[in-house]
S.K.: 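Before I ask anything, let me first share the structure, which is written out below as structure tokens.
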Protein chains: 2
Amino acid sequence: MRDKEETRKKILEAVGEILSEEGFGGIGVNNVSRRAGVDKVLIYRYFGDLPGLLREFASGGDYWPSMEDLVEKAEGDNRPPGASELAVALLKGYIRELRDSTSAQELLLGELVSRNELSEASARKRERQGADLIEALVRSAPEAERVDVAALGALLSAGLTFLMLRARTSEAYLGIDISSEEGWGRIERAMEELVRGVMGDDKLEGFQY
Amino acid sequence: MRDKEETRKKILEAVGEILSEEGFGGIGVNNVSRRAGVDKVLIYRYFGDLPGLLREFASGGDYWPSMEDLVEKAEGDNRPPGASELAVALLKGYIRELRDSTSAQELLLGELVSRNELSEASARKRERQGADLIEALVRSAPEAERVDVAALGALLSAGLTFLMLRARTSEAYLGIDISSEEGWGRIERAMEELVRGVMGDDKLEGFQY
DNA sequence: ACCTCCTGTCACCAACCGGTGACATAAACC
DNA sequence: GGTTTATGTCACCGGTTGGTGACAGGAGGT
């Protein structure tokens with residue numbers, strides 16, 4: 001009868017380990033309990049069932065880059081420039097952060113393949129963060145009345161996310177080598193061009209003349 | 001001792017049915033044989049093992065919209081306009097075709113979640129088709145020297161694909177309602193703006209003045 | 001008629017899945 | 001000290017997975 005909280009922590013940690021090492025498919029009562037060095041019946045006692053465990057993991061996890069991280073990573077040390085630069089920096093920060101976090105990738109993949117389980121909690125959490133981010137971007141973008149910033153952000157971040165997930169099992173996508181830094185450079189540059197083309201300084205320069 | 005080819009066909013058809021009705025997760029020797037009304041040992045005799053069956057299904061399937069379909073659906077009845085209009089039309093055709101084909105979605109999802117199985121064959125097939133399409137687009141686009149058309153196409157089609165897969169398990173993404181036609185209208189319009197902003201007629205109009 | 005070969009049927013395997021009931025044991029309270 | 005209560009252990013359940021060996025039966029060749 002040592003430490004209930006300790007055991008709970010070990011179980012939750014095991015979920016994170018499996019997620020980042022074995023992937024979404026490795027999640028299961030038997031595997032989690034084995035990895036945590038704990039009897040699986042404790043999972044049922046402390047979390048109800050497997051979905052309950054995943055729900056708790058998803059709601060309490062720090063597996064996802066916070067909006068503050070992204071903004072910080074995005075702004076760097078120079079003063080806030082135009083909205084297009086901010087958007088580009090945010091998206092770059094997003095994709096770089098995501099490329100480093102295998103558990104975030106697995107979570108994303110899990111949300112894609114099946115609803116119910118851990119999907120809802122983590123999806124809701126990220127949805128809220130993302131919506132905040134978009135809202136902040138809309139506020140700082142004068143062209144928000146002209147273009148649908150939310151839809152643009154959704155489409156571009158979705159594209160980056162898909163290519164990231166895709167890179168896990170495939171080496172190329174439409175001829176782009178998404179397993180190399182060179183390929184990701186092309187992707188980032190294309191993203192930058194797209195953003196600038198729509199809300200970028202091209203048009204601002206035009207207004208200046 | 002009736003018809004070996006008939007049995008093979010029934011098995012392959014069962015794979016397709018499961019894919020479109022139960023999803024990628026429903027694929028399995030037992031399930032396939034049950035649905036085909038056939039003993040599962042025949043799967044091993046005729047296809048070696050499960051990966052072999054999936055490989056054969058993926059290589060022989062017509063589950064994927066051909067490039068001709070897309071171009072046809074894209075061009076409609078007016079003469080080929082600018083490259084940006086063609087690109088927009090192609091992407092719209094792609095996403096509409098994909099939204100209708102649940103088996104294509106499942107295949108895509110399967111490629112994302114695990115390599116090896118049916119992923120390689122179908123991925124290679126689509127990769128080839130997609131690369132052809134991009135190549136055709138590059139040829140018809142005078143701005144191909146200025147912008148990386150392949151990277152743009154990859155990013156945008158990836159974004160559309162992700163949102164499509166996402167809509168299967170989630171209702172919203174970054175505040176966009178991806179379960180409604182209204183939300184998809186916003187996505188399509190955003191995509192159109194992005195393409196036009198980079199290789200669009202905005203700039204061409206500018207040149208006319 | 002006989003023998004061979006191929007198609008199809010059936011029972012079975014070990015390993016896994018999520019989940020449960022019975023029981024030991026150690027701490028906490030009286 | 002004795003009793004209660006919560007923590008942890010163990011064996012087991014039915015059902016699923018991918019995969020295999022033995023055998024029936026019908027078609028074709030001789």
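Order of the sequence lines sets the chain letters (A, B, ...), proteins ahead of strands, with each chain counted from 1.
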S.K.: Determine, stepwise, if the pair A:E192 / A:L91 fulfils side-chain contact (heavy atoms from CB on, under 4.5 Å).
M.R.: CA-CA 9 Å; A:E192 206 166 337; A:L91 286 167; over 6 Å; no
S.K.: Starting at the 5' end of DNA chain C and moving along, which residue's nearest nucleotide shows up first, A:V29 or A:V41?
M.R.: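 Closest to the 5' end, via its nearest nucleotide, is A:V29.
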S.K.: Just checking B:R34: base, sugar-phosphate only, or nothing, at a heavy-atom cut-off of under 4.0 Å?
M.R.: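 B:R34: backbone/sugar contact only, no base atoms under 4.0 Å.
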S.K.: Please name the pair of heavy atoms, one in A:W184 and one in A:I178, separated by the smallest distance, quoted to 0.1 Å.
M.R.: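 Shortest heavy-atom contact: NE1-O, 2.8 Å.
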S.K.: What nucleotide, of C:dT7, C:dT20, D:dT17, holds the atom closest to the side chain of B:R45?
M.R.: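 For the B:R45 side chain, the nearest candidate turns out to be C:dT7.
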S.K.: Please report, rounded to the nearest Å, how far the P atom of C:dA28 is from the NZ atom of A:K4.
M.R.: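 It works out to 14 Å between those atoms.
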S.K.: Whole angstrom is fine here: how far is it from NZ in B:K40 over to P in C:dC13?
M.R.: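 The distance from NZ of B:K40 to P of C:dC13 comes to 13 Å, rounded to the nearest Å.
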S.K.: Could you state the atom-to-atom distance from CD1 of A:I27 to P of C:dG19 in whole Å?
M.R.: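 Interatomic distance, CD1 of A:I27 to P of C:dG19: 14 Å.
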S.K.: Hey, are B:E85 and B:K92 close enough for a salt bridge, meaning a charged N less than 4.0 Å from a carboxylate O?
M.R.: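 Salt bridge: no.
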S.K.: Quick check: on DNA chain C, is the nucleotide nearest A:N31 upstream (toward 5') of the one nearest B:V38, or the reverse? Name the residue that is more 5'.
M.R.: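 Comparing both residues, the 5'-ward one is B:V38.
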S.K.: A:A172 and B:E127: which non-hydrogen atoms are nearest, and at how many Å?
M.R.: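 Closest approach of A:A172 to B:E127, heavy atoms only: O-OE1, 3.4 Å.
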S.K.: Atom CG of A:L53 to atom C1' of C:dG18: distance rounded to whole Å?
M.R.: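 Atom CG in A:L53 sits about 13 Å away from atom C1' in C:dG18.
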S.K.: For A:I43 and D:dC10, give me the distance from atom CD1 to atom P, rounded to whole Å.
M.R.: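 After rounding, the reported distance stands at 16 Å.
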S.K.: Within this structure, what is the CG-to-C1' distance between B:N30 and D:dT17, rounded to whole angstrom?
M.R.: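 In whole Å, D:dT17 C1' and B:N30 CG are 6 Å from each other.
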S.K.: Check whether any side-chain heavy atom of A:L108 lies under 4.5 Å from a side-chain heavy atom of B:R166, and answer yes or no.
M.R.: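 In short, these two side chains touch, coming nearer than 4.5 Å.
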S.K.: The side chain of A:L42 is closest to which nucleotide in this list: D:dG8, C:dG8, C:dG21?
M.R.: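 That would be D:dG8.
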S.K.: Using heavy-atom distances to pick each residue's nearest nucleotide on DNA chain D, tell me which of B:Y44 and A:T7 is more 5'.
M.R.: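 Closest to the 5' end, via its nearest nucleotide, is A:T7.
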S.K.: Whole-Å distance between D:dG8 C1' and A:I11 CD1?
M.R.: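 Going from CD1 in A:I11 over to C1' in D:dG8 covers 11 Å.
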S.K.: Please determine, for the side chain of B:L50, which listed nucleotide (D:dT9, D:dG21, D:dG19) has the closest atom?
M.R.: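 Closest of the options to the side chain of B:L50: D:dG19.
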S.K.: Would you mind telling me which of D:dG8, D:dG19, C:dT7 lies closest to the side-chain atoms of B:Y46?
M.R.: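 Nearest to the side chain of B:Y46 among the choices is C:dT7.
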S.K.: What is the distance, rounded to the nearest whole Å, between atom CG of B:D39 and atom C1' of D:dA22?
M.R.: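 The answer, rounded to whole Å, is 13 Å.
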